[in-house]
Amino acid sequence: MKNSIENILKNDNGQFDVEKTPQGHQNRFFEKLKAQEEVITIKNKKVTWWKPLTIAASFAVLFTVGSLFFNDNTVPQEAELASVSVEMQQTQSFFTTAINEELKTLKSYNDPELKEIINETLTEIEALEAQYKILKVDLLQSGNDKRVVTAMIANFQNRIELLQEVINTIEDIKNQKNNTDEITL
């Protein structure tokens with residue numbers, strides 16, 4: 001096919017030249033061609049954004065993970081009664097000291113007959129302490145609500161009353177035991 005087109009063009013003998021080109025056409029064509037040579041064509045480079053974006057995303061992930069693990073400015077999850085005011089700080093200190101003294105007294109009893117009472121009491125104290133932890137979270141969330149403060153103080157009082165009642169009961173049991181021992185002698 002290529003040969004047939006070449007043969008037609010060679011052998012056309014002016015058959016295809018139906019119209020004459022206007023005068024100066026060739027000069028204008030060469031001027032346009034020369035102007036086109038002077039223009040520098042810029043090739044469109046395909047910019048691959050995925051590489052820089054993956055690097056930036058990696059840094060963002062590393063920064064986020066690092067800030068989560070190494071952040072020392074953690075927000076407290078619970079608030080103590082002492083955080084409300086100076087008076088509440090003194091109240092908390094008083095109750096904490098009293099409870100610790102009563103617990104020390106309770107744990108000082110070594111009588112095997114009293115172990116069950118002591119263990120039950122310690123279990124109840126742990127339950128009250130668990131409730132107190134919930135109240136500490138509530139205090140933080142409520143913004144020092146007076147009802148939560150009152151409930152925290154009541155929790156301290158309940159622990160002290162429980163410990164005092166059990167210690168009094170243990171003392172009564174020990175006194176009865178001593179009286180029965182004296183009578184049998």
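T121 and L163 get closest at one heavy-atom pair: CG2-CD2, 4.1 Å.
Residues V149 and F94 share a hydrophobic cluster, clusters being chains of Ile/Leu/Val/Met/Phe/Trp/Tyr side chains in contact below 4.5 Å.
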query = Does the side-chain contact (heavy atoms from CB on, under 4.5 Å) test come out yes or no for E113 and K177, once each step is laid out?
reply = CA-CA 11 Å; E113 295 173 3; K177 185 177 176 185; 4.0 Å; yes
request  = List the steps, then state whether side-chain contact (heavy atoms from CB on, under 4.5 Å) holds for L128 with Y132.
outcome  = CA-CA 6 Å; L128 287 169; Y132 185 75; over 6 Å; no
task = Test side-chain contact (heavy atoms from CB on, under 4.5 Å) on N155 and F95 and set out the steps.
result = CA-CA 10 Å; N155 183 286; F95 281 124; over 6 Å; no
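Annotation: side chain of D111 is not in contact with side chain of I118 (no heavy-atom distance under 4.5 Å). For the pair V137/K133, no side-chain contact is recorded, criterion being any heavy-atom separation below 4.5 Å from C-beta on. Between M152 and M88 the shortest side-chain heavy-atom distance does not fall below 4.5 Å.
With sequence neighbours excluded, no residue forms a side chain to side chain donor-acceptor pair (under 3.5 Å) with T150. For E31, the side chain to side chain contact (heavy atoms under 4.5 Å, CB included) criterion is met by no residue, not counting sequence neighbours. The side chain to side chain donor-acceptor pair (under 3.5 Å) test applied to D145 returns R147, not counting sequence neighbours. In this view, D138 satisfies the salt bridge (Lys or Arg N to Asp or Glu O under 4.0 Å) rule with no residue, not counting sequence neighbours. Looking at residues two or more places apart in sequence or on another chain, you find a side chain to side chain contact (heavy atoms under 4.5 Å, CB included) between E120 and E116. With sequence neighbours left out, Q89 forms a side chain to side chain contact (heavy atoms under 4.5 Å, CB included) with A82. Considering only residues two or more places apart in sequence or on other chains, T96 meets the side chain to side chain contact (heavy atoms under 4.5 Å, CB included) condition with Q92, N100, F156.
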For residues 101-110, which side-chain donor-acceptor pairs fall under 3.5 Å, sequence neighbours excluded?
from	atom 1	to	atom 2	distance (Å)
T105	OG1	E101	O	3.0
S108	OG	T105	O	2.5
Y109	OH	E171	OE2	2.3

